[in-house]
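This report concerns only the one structure given below.
Throughout, protein chains are lettered first and strands after them, A, B, ... in sequence-line order, and every chain is numbered starting at 1. Keep in mind that this is a model prediction, so the values were computed, not measured.
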There are 2 protein chains.
Amino acid sequence: MKIIPAEIIKAKRNKQALTEEEIQEFILGYTRGEIPDYQMSALLMAIYFNGMSQEETLSLTKTMLHSGIVVDFSKIPQFKVDKHSTGGVGDKTSLILGPIIAACGVAVPMISGRGLGHTGGTLDKLESIPGFNTQLSLEQFQKAVSEKLICFIGQTKDICPADKKIYALRDVTATVESLPLICASIMSKKLAEGIDGLVLDVKYGSGAFMKTKEDCERLARALMGIARGYGKKVTAVLSTMNQPLGAFAGNALEVRECVDILQNKIPKGPHQERFYQETRELSLVLSAEMLLQSGKYKDIQSARVAADEALTSGAAYHKFLELCQIHSGRLNELPEAKSFIDLKSPESGFINFINTEKIGIAGILLKAGRAKTSDVIEPTSGFEFFAKIGDRLEKGQPILRIYGNDPQLFPEAEKLALSAYQFSTKPVPCEQLIWKIIHP
Amino acid sequence: MKIIPAEIIKAKRNKQALTEEEIQEFILGYTRGEIPDYQMSALLMAIYFNGMSQEETLSLTKTMLHSGIVVDFSKIPQFKVDKHSTGGVGDKTSLILGPIIAACGVAVPMISGRGLGHTGGTLDKLESIPGFNTQLSLEQFQKAVSEKLICFIGQTKDICPADKKIYALRDVTATVESLPLICASIMSKKLAEGIDGLVLDVKYGSGAFMKTKEDCERLARALMGIARGYGKKVTAVLSTMNQPLGAFAGNALEVRECVDILQNKIPKGPHQERFYQETRELSLVLSAEMLLQSGKYKDIQSARVAADEALTSGAAYHKFLELCQIHSGRLNELPEAKSFIDLKSPESGFINFINTEKIGIAGILLKAGRAKTSDVIEPTSGFEFFAKIGDRLEKGQPILRIYGNDPQLFPEAEKLALSAYQFSTKPVPCEQLIWKIIHP
């Protein structure tokens, strides 16, 4: 090794910028097991406090990316685009936009994550479809994307092993919440997909990692900087997570919502139509941005028209059924919960705040999410939302429905979920779905 | 374990104060091997950035102290006092003040360190006396202090094992330079000696750990706060390390300087007398403060008279000879270097700055000190100083003498040592030996 690890830690501790060579030697030395965990965790904590310049973050991303393989899609002539969301509750757009993009003739190779903590994960949602197998090999993944333009797989051990090892360490050393570390972790994995373009759905609010719009924009711009540094097309959609997205949160429940939207069967209930439209609209906005990047459309309006057409024509639904075939999923067997209970509003008034993270944690109590990676998910558990910010409720009116197979889990979840809502006696404006879209 | 280590790290990272129980569980959990190095190093880095309150530092000291044994001197009726220096180049006062204190009938149980980096260590100096054995058992140590009122030993595995394990980790994770960590490390070891009083020689300047007077005073007051929290008498002498102390730096050379002073045989050379007087004066000032703490003297003037008397009468020298007997040292065989070389001043002018740390590092090149703990020391190597800050030299006049047995090591050391001196054409005031003395 050309570097002295303690000197690198000291330099970062003293706010000195690290060179690309120093970052590379440290990270790869760590990945190979030559630098011990205790030096890596000290460096991570120093980065937590002193940050990294854009140049350093780019070097870190590059090192993590090249610690493993980059999927080779050079034989696929189509533009390859992916979407990455920073996560939230009820965030299910991948299941709609993936099929839309593929139906429009653009390739969408998606390497997705599982839910951890209060946020959900695309793989968990898809696996609520009986038989749906996300454990495909990289070869199967490449074949499916080549033939059907779409496929979903999980992280493999060949992709970004440095990130995998570092992420596990960050989790137990209180060094997760660091902008450059988050950016390098996200972008190294996305760049490993061999994509040409990326649309970021960066969320702010009570259920997002970034609580404020300012922090959200900072994260968006940092992620975009890295993507641009790699010559990728990149767009960021900054959207709210001050309330759950759409009508449902919970794995099979969210698949049902997406399938309803793909089938153009949006229920006409007093609140359902409005909440389904949130999911549909965000999926279409993201789809249009992805399609625009492909260069197939002259402007964002044309791209949006194409996305709308793919959805309303049923082409996207057809693609979703193909996707189920690729992954051996039996959509007609999508499970439903055996029980549900409606929760009553504890107050009269206008909802003026929803602690969305609490809703997500209440979901963990229902086993709709995981507290630790080894937890097993109950696919039918979750919530249906009857009211959101700005809605007026009388005390005792239904505010939320809890679904699940084990009613013994309901009381604790009920208590926590209800505590997430705050009320005002005065009217409250409803929450805007999308704050802004940033193009490079 | 009652605590979740990652939560403790996060709390400190977020500037929250830790409770005594949290500190205890974390530190003892780490010492027992239940908490891994990587979580300890993340906590250490968080402490580096966010500090610790006086209460937290006290809890940390207490935990480290009680991770091992506290030497029991309850059967020794005399007051027991020690001195701790924060380290420097040519800092040899323990060899003079120890015998003075014991000669005055006050017990001085000294658990000393070895040199590491640019600073020297008392044990290394004493071991330059052929046969001098510092590896006595705790029982032998207790017996010697009981009978002769003086003994020097090194750190044992029974004393502060938590500090030993944490210190080794700090060294390789760039977390040494943290005030609360330094304080807890120093004080836990000193409190384990079973002393009643402590005089701190806290150094500032180019060869000290604390470069500025302000930082030096901050360290002094933090150390004093802990000592007071334990009901110990404590005094801090804030002295300069902007230049090496005394006439020599190097193990056997420093023993020679001390023995000369103890024998009242100070050479009458143009510079020697002045530099010997620095060592003598600082030793006497520290001795007087130690004696004052014992309660045997009515004021600092009487204590100083007693210290002067012990030194000039030869009583202290007699005690030093007893000390050599305790440790089987053959003082008459003190080795001398086979070679020396005088370095010429590269410029004419007044010395206005000496990079004392560089002198110390040049000493490592001569094997007078260690770069790593496994290095073996050459006892005869070192420097004799011919000029200090404020002295005027003509270009080519001798400025420094290098001693050693291996002249091949001289050129590198010569280059580095000479580069430590800076000159001014205008007169420069000489460096004050003692800046201030802080009583509780």
(request) Please indicate whether Lys165(B) has more than 12 foreign heavy atoms, meaning atoms of other residues, nucleotides or ligands, lying under 6.0 Å from its NZ. (result) yes
(message) Please check if the number of heavy atoms outside Lys367(A) that lie under 6.0 Å from its NZ is greater than 12.
(response) no
(request) Give the member of Pro36(A), Ala46(A), Ala11(A) that has the highest number of heavy-atom pairs under 4.5 Å with chain B. (result) Ala46(A)
(message) So Tyr48(A) and Arg13(B), do their side chains get closer than 4.5 Å, heavy atoms only?
(response) yes
(request) Verify the neighbour count for atom CD of Glu412(B): are there more than 12 heavy atoms of other residues, nucleotides or ligands below 6.0 Å? (result) no
(request) Return the minimal non-hydrogen interatomic distance between Ser41(A) and Ala42(B), and the atom names on each side. (result) OG-N, 3.9 Å
(request) Name the region of Ile4(A), side chain, backbone, both or neither, that has any atom closer than 4.5 Å to a heavy atom of chain B. (result) neither
(request) Please examine the side chains of Met45(B) and Ile9(A), heavy atoms only from C-beta on, and report whether any two atoms are closer than 4.5 Å. (result) yes
(request) Select, from Asp37(A), Leu44(A), Leu169(A), the one with the greatest count of heavy-atom pairs under 4.5 Å involving chain B. (result) Asp37(A)
(message) For Gln54(B), I'd like to know if atom CD has over 12 heavy atoms of other residues, nucleotides or ligands within 6.0 Å.
(response) no
(message) So which atom in Gln39(B) and which in Val172(A) form the shortest heavy-atom distance, rounded to 0.1 Å?
(response) NE2-O, 2.7 Å
(message) If you count heavy atoms of other groups shown closer than 6.0 angstrom to CD of Glu55(B), is the number above 12?
(response) no
(message) Using 0.5 Å steps for rounding, measure from the OH atom of Tyr38(B) to the OG1 atom of Thr173(A).
(response) 8.5 Å
